Structure formats: C-alpha cells, structure tokens
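Presented below is the structure to which this report refers.
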Amino acid sequence: MNQTDKITGREALVRSLISEGVNTIFGYPGGAVIPIFDILYDHRDKINHILVRHEQGAAHAAQGYARASGKTGVALVTSGPGATNTITGIADAMLDSTPIIVITGQVTTNLLGSDAFQEADVVGITQPICKWAYQIRRAEDIGWAVSRAFYIASTGRPGPVVLDITKDSQNGLTEYEYKKTTFIRSYDPYPDLVKKDIKLAAEMINEAKKPFALVGQGVILSGAEKELKKFLEKADIPSAATALGLSALPTDDPLHTGMLGMHGNIGPNMNTNECDVLIAIGMRFDDRVTGDLNTYAKQAKVIHFDIDRAEMDKNVRADVKVLGDAKATLKAVTALLKKNQHTAWRDSFKTHHKKEYDVVIKNELYPTSGQLKMGEVINKVSQATGNKAVLVTDVGQHQMMAVRYFKFTQSRSVVTSGGLGTMGFGLPAAIGAKYGVPDRTVCLFVGDGGLQMTIQELGTIMQYNIGVKIIVLNNNFLGMVRQWQELFFDERYSETHMKNPDFTMIARAYGIATRKVEDRNDLDESITEMLNHDGAYLLEVMVETKGMVYPMVPAGKSITEIILGNGK
C-alpha cells in the first residue's frame with residue numbers, strides 16, 4: 001500500500017465504529033475533536049450524531065441507549081472540560097455494569113504533560129472508574145483500540161471504556177484493516193463452568209424447604225430471562241428483584257414477589273431472613289439490599305451465581321459459588337433440579353403483601369382526598385401504557401415510587417441510576433433510551449430537583465423531536481433528603497425546600513407540548529393526552545409536599561426493621 005492509499009486516523013475511527021454496528025453517537029464538538037466531527041459529516045448516512053447540550057448528557061444518553069437496547073452506547077466529546085464532564089456518567093456506568101465507549105479528544109502528542117490549553121489527564125482520571133482506559137497517540141493504533149474497546153465493554157460483566165485520542169493521531173495517515181477482537185490474553189470474560197459447583201448448587205436447592213431467589217441485573221445483561229423462568233418454575237422457587245433486576249420477569253409472574261431493599265416490599269425483605277437457601281443470581285449484595293450484614297440471612301445457606309469473581313464473598317459469604325454467565329449457569333443447574341413444590345412457603349409472601357397493601361399501597365395508589373400522590377400518578381401512567389413502556393427515572397423519592405409501582409411485561413424496561421444514585425441522570429438517559437428502542441414508549445419520571453440538573457437537554461429533545469414522555473413529580477422539595485430529615489434529623493429541613501420555576505413555561509420555550517395538573521379529577525385526561533401526543537410531552541404534576549416512601553428500612557438496620565409509616 002503506498003502513501004496515497006492510506007487513510008487518516010479520524011477516518012479509521014469512523015470506519016471502525018461502523019464496523020462495530022454503531023449507528024448513533026451522543027456528543028458535543030470542541031477543538032480537540034473537530035477532525036472527527038469533520039469526517040462524521042461525510043458519514044451522516046450511516047452514523048446519526050445527536051448533539052447534546054452538556055457532555056454529562058452525552059454519557060448518560062449513551063447509558064440509556066445501552067440499557068434499553070442491549071447494545072454498546074457511544075459518546076464523543078472534546079478534551080479537558082469536555083472529557084471531565086463525562087466523569088459522572090462513566091462512574092455511573094461502572095457501578096451499574098453498563099457498556100459504553102466514551103471517546104475523548106486530546107491535545108497533540110508533543111504537548112502532552114505541558115498543561116496545554118484544554119489538556120487533562122483523562123486516562124489517569126478515569127482508570128479507577130472504568131474497565132479500560134487507553135490513550136491513542138498513533139493513527140495506526142485506532143482500529144486496534146476501538147476493536148478492543150468494544151470487546152471489553154460488552155463482554156463478561158459489561159462496563160465503560162474510555163479512548164483518549166490525540167489530535168495528531170486523528171490527522172495522521174495509516175494503513176487500515178479492521179479486525180474484530182475475540183480474545184485478549186489475561187482477560188477472561190466468560191469463565192468455564194465448574195461442574196462440581198453446579199452439582200452442589202442443584203443438590204442444595206433440591207433439599208431446600210424454603211428456597212428464595214434474588215434476581216439482579218446480571219440476568220438481563222446475559223439475556224437469561226427464559227433460563228431464569230425455567231429455573232424458578234422447575235423447583236417452584238419464589239423470587240424478588242433488585243431495582244435493576246426488575247423486568248427480568250413480568251411483574252405479574254406468579255413467582256415474582258416484588259422488590260428487595262431499603263424501599264422494597266415487606267415479603268421479600270422479611271423472608272430473606274426466613275428462607276433456608278438464598279439464591280443470588282447476577283446481583284452483588286449492595287448495602288441498600290442487605291441492610292446490616294451482621295443480621296442478613298444468617299439462617300440460610302447461600303448460593304451465589306455471578307460472572308464477576310470479585311463479587312464472590314465480597315459482602316455476603318456464599319456456601320456455593322457458581323461462577324459464569326447466568327444464561328449458561330442457570331441452564332446447567334436447572335438440568336439437575338428435581339420438580340418441586342413449595343406452596344406454603346410461597347403463600348407466606350402473600351400474607352406479607354396483604355399487610356403491605358392494607359397499610360401502605362392502598363393509600364398510596366388509591367387515595368380519595370388530599371393532594372395527589374406520586375404512587376397514584378405512576379400507577380395510572382403504567383396502566384395507561386398497558387404496562388409496556390420503558391421506565392426511566394431520575395433519583396429520589398419518585399425513583400423509589402416508580403420502581404415500586406410501575407409494572408413490566410417485557411425485559412429491559414427499567415433505566416435508572418442504581419449504584420451511584422445520580423441526580424440529573426433521567427432526562428439524558430431517556431433520550432438515549434428512545435434512540436435505543438424507538439418503537440417503544442419511553443416514560444421518564446423526574447423530580448423538580450433532578451430535572452434542573454440536566455434541564456438543558458430539553459434543547460436536545462427540541463432539536464431532534466425526540467418523543468419522550470416526561471412526568472415531573474413536583475413537590476417543591478428535595479424529597480428524599482427531606483424524608484431523612486423528617487425521620488432522623490428532627491424535621492430540621494436544612495436546604496431541601498426548593499423555589500422552582502414554571503416548568504411548563506420552560507417546556508413551551510423549547511417547543512415541547514406541556515400541561516400542569518394539580519387536581520385529581522384532571523389526572524386521567526392529562527395522561528391520555530400525553531400518551532396520545534405525537535412527540536415529546538412534559539406533564540408537570542403537583543404532588544403532596546411532604547409525601548413519604550414506605551416501607552423503609554433505615555440505613556444500617558436489619559432488613560426486618562421495616563418502617564411502615566409514621567415512624568413505625
């Protein structure tokens with residue numbers, strides 16, 4: 001190949017992305033990536049670039065795209081502040097095992113380390129919060145690095161990868177041949193199944209009188225929903241889900257008993273400390289699920305299915321560790337299970353649910369007077385979509401209400417910030433989710449606080465006419481912090497009351513259809529109007545000022561020390 005047959009590094013980058021099936025990128029241009037954006041201009045028929053309004057929005061949109069679609073999301077930003085603005089999204093993706101590639105521009109190689117204009121040590125900053133961070137300094141390394149990045153981000157336990165590309169490598173010339181990565185020495189994304197552990201797990205489940213399965217997002221990430229259902233049905237095992245594991249089973253599945261954790265359902269929390277075999281599948285025993293580890297499931301033998309060896313025995317010691325991809329491990333264990341029945345054990349969850357319904361749920365979903373409640377709004381929106389929508393949330397009280405009361409009929413229907421709890425996640429993530437699954441209804445629930453953290457992304461919705469349905473649950477408070485202040489800080493509401501703008505006026509300024517609801521009698525009609533509207537819609541609902549999310553397990557307490565209301 002002679003010099004004239006070579007291509008530029010920026011061309012190699014775009015061709016590599018196309019080879020990986022990328023058709024959507026979320027980004028924001030700047031000096032160090034102008035060459036890449038210039039070449040994207042020539043590939044507009046193959047790659048759709050979505051101009052966000054802030055680089056944090058690009059990272060969160062890539063997350064929403066990945067979570068809803070099952071593909072790897074891509075963000076493209078410039079050097080310095082452009083790169084550092086993506087840090088929150090990268091950290092969020094790492095904790096929630098979301099496959100994204102963040103491509104950052106960088107100053108030319110000869111200026112590295114000189115504190116040049118808009119220079120930041122992107123690799124040094126991001127290495128602790130991603131699966132792999134790599135700086136590309138030569139055009140000939142671009143194809144190799146992109147191929148490696150997609151393989152690392154999407155295999156094993158998924159996660160974010162950062163590629164920092166110097167400006168001279170974008171402009172340099174290189175011979176080009178793209179080879180997809182299928183193997184990296186020292187990186188073992190799919191461990192071989194250990195037959196002894198498979199056999200031990202099956203024997204323990206076969207002998208169990210009160211087996212209980214905890215379903216995490218790992219089931220969804222591995223595409224193991226059918227394998228999970230067969231596993232549970234064969235041995236008649238009741239299950240509950242983490243917030244990110246919701247929708248692995250339909251909400252109305254007979255073996256789904258609800259959600260685990262701090263604001264989870266009473267039955268799953270109480271019976272965690274009653275079961276004799278606890279089966280964790282693709283979940284990491286987060287502190288918001290376990291509460292006080294000193295009192296967590298001490299009576300039970302624990303079986304832990306996970307693809308990440310680092311999660312084994314990290315928080316909860318397992319009697320049997322089943323390492324591997326959930327799709328493969330569940331299938332292998334199911335083959336060794338006996339057909340079983342645990343009717344009385346399953347019925348015990350129903351007893352707890354009845355108590356929760358009478359004390360908490362009925363009042364939250366079906367109030368007859370007083371201010372509108374978050375739960376009733378969420379329930380009505382879910383019902384109006386036939387429980388088929390993708391739920392996206394920001395972080396706070398509305399988030400916990402949404403994962404409690406929104407219902408699901410298919411997988412990959414929950415997009416929320418779990419491990420990092422990022423306020424501002426919701427709006428850009430909803431944009432990404434809509435691009436990931438354009439044929440599905442995407443409903444974003446967001447609080448008045450979180451919306452204002454990334455409210456500029458309404459401009460992205462305006463520019464591209466993105467049909468997300470935004471439900472602002474406005475209580476004029478930072479509601480979750482206020483709830484903690486009420487319960488644990490003697491109602492000293494320090495800096496949690498918010499004086500808010502008129503969100504409907506802001507929506508109109510962005511050309512987004514909108515309506516404000518304060519009266520319960522107008523709620524059904526407004527939801528119908530929102531869902532029937534062709535395009536984006538912002539529905540602001542004024543909800544009770546001091547609403548509470550119950551049940552609640554106080555932080556650091558045993559999961560059986562549940563508050564049901566009024567501090568009791």
Side-chain angles (χ1 to χ4, degrees), residues 8-14 16-17 22 25-43 47 49-63 73-94 100-142 145-146 149 153 160-174 422 424 428 453-457 459-460 463:
T8 61
R10 60 185 184 270
E11 177 73 29
L13 173 65
V14 174
S16 299
L17 293 173
V22 175
I25 295 176
F26 305 93
Y28 203 94
V33 285
I34 288 177
I36 299 173
F37 277 87
D38 181 68
I39 207 71
L40 276 174
Y41 192 84
D42 296 330
H43 293 276
I47 293 184
H49 178 272
I50 308 304
L51 177 64
V52 297
R53 297 305 187 261
H54 188 283
E55 292 88 354
Q56 181 181 349
H60 290 326
Q63 287 180 272
V74 179
L76 172 62
V77 301
T78 195
S79 63
T84 58
N85 281 343
T86 67
I87 299 302
T88 299
I90 295 167
D92 194 290
M94 187 66 176
I100 62 171
I101 311 289
V102 177
I103 301 169
T104 64
Q106 186 54 274
V107 300
T108 56
T109 303
N110 65 305
L111 293 177
L112 290 170
S114 69
D115 293 333
F117 178 67
Q118 291 193 332
E119 181 191 3
D121 181 5
V122 174
V123 171
I125 293 169
T126 60
Q127 266 184 334
I129 55 170
C130 68
K131 287 187 75 175
W132 186 50
Y134 184 75
Q135 187 174 80
I136 301 171
R137 302 183 183 184
R138 305 186 309 165
E140 53 262 44
D141 294 335
I142 287 177
V146 171
V161 168
V162 177
L163 293 179
D164 190 45
I165 310 179
T166 62
K167 198 168 184 179
D168 51 315
S169 68
Q170 300 169 31
N171 292 325
L173 294 174
T174 180
T422 302
M453 287 194 170
T454 49
I455 196 169
Q456 67 275 359
E457 299 308 330
T460 307
Q463 181 162 343

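Numbering of residues begins at 1 and proceeds along the displayed sequence. Predicted model, so just to flag it, every value in this text is computed and none were measured.
Inter-residue side-chain proximity for Asp141 and Tyr134 is flagged as met; some heavy-atom pair is nearer than 4.5 Å. Here the side chains of Lys167 and Leu111 are not in contact, with every heavy-atom distance at 4.5 Å or above. Side-chain atoms of Gln135 and Val122, non-hydrogen and from C-beta on, never get closer than 4.5 Å to each other. For the pair Leu112 and Gln106, the minimum side-chain heavy-atom distance is below 4.5 Å. When side chains are defined from C-beta on, Gln56 does not count as touching Pro428, because their heavy atoms never get closer than 4.5 Å.
Closest approach of Ala75 and Ala58 over heavy atoms only: CB-O, 3.8 Å. In this structure, Ile142 and Ala12 approach most closely via the heavy-atom pair CG2-C, 4.1 Å. Here the shortest heavy-atom pairing between Glu457 and Arg53 reads OE1-N, 3.0 Å. Across all non-hydrogen atoms, the minimal contact from Ile101 to Ala153 is CD1-CB, 3.7 Å. Residues Ala133 and Gln127 come closest through the heavy atom pair CB-CG, 3.9 Å. Scanning all heavy atoms of the two residues, the minimum distance from Cys130 to Pro160 falls at CB-O, 3.3 Å.
Rounding to the nearest 0.5 Å places CD of Glu119 at 9.0 Å from OG1 of Thr108. Taking CZ from Arg138 and CG from Asp168, the interatomic distance works out to 12.0 Å, rounded to the nearest 0.5 Å. Separation of atoms OG1 (Thr460) and NE2 (His54) is listed at 11.5 Å; rounding is to 0.5 Å.
Side chain of Asp164 to backbone of Val123: no donor-acceptor contact under 3.5 angstrom is found. Under a 3.5 Å cut-off, the side chain of Gln170 and the backbone N or O of Ala139 do not form any donor-acceptor pair. Between the side chain of Thr104 and the backbone N or O of Ile165, no donor-acceptor pair lies under 3.5 Å. Counting only distance, with no hydrogens or angles, the side chain of Gln463 and the backbone of Gly459 share no donor-acceptor pair below 3.5 Å.
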Trace of the side chain to side chain contact (heavy atoms under 4.5 Å, CB included) decision for Val107 with Gln118: CA-CA 7 Å; Val107 300; Gln118 291 193 332; 5.5 Å; no
Side chain to side chain contact (heavy atoms under 4.5 Å, CB included) evaluation trace for Ser169 with Arg137: CA-CA 5 Å; Ser169 68; Arg137 302 183 183 184; 5.6 Å; no
Got a list of side-chain donor-acceptor pairs under 3.5 Å for residues 82-91, not counting sequence neighbours?
{"residue": "Thr84", "atom": "OG1", "partner": "Gly80", "partner atom": "O", "Å": "3.4"}
{"residue": "Thr84", "atom": "OG1", "partner": "Pro81", "partner atom": "O", "Å": "3.3"}
{"residue": "Asn85", "atom": "ND2", "partner": "Glu55", "partner atom": "OE1", "Å": "2.9"}
{"residue": "Asn85", "atom": "ND2", "partner": "Pro81", "partner atom": "O", "Å": "3.2"}
{"residue": "Thr86", "atom": "OG1", "partner": "Ala83", "partner atom": "O", "Å": "2.6"}

Please list, one pair per line, the donor and acceptor atoms closer than 3.5 Å that link side chains of residues 31-38 to other protein atoms, with sequence neighbours excluded.
none

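Among the candidates Leu76, Leu40, Leu51, Thr78, the single residue satisfying the side chain to side chain contact (heavy atoms under 4.5 Å, CB included) test with Pro29 is Leu51. Remark: of the listed residues Val77, Val146, Leu17, Val162, Leu17 is the sole one forming a side chain to side chain contact (heavy atoms under 4.5 Å, CB included) with Ile103.
Taking a 6.0 Å sphere around CG of Asp42, one finds it holds more than 12 heavy atoms contributed by other residues, nucleotides or ligands.
For the residue pair Thr8/Glu11, the side-chain donor-acceptor check at 3.5 Å is not satisfied.
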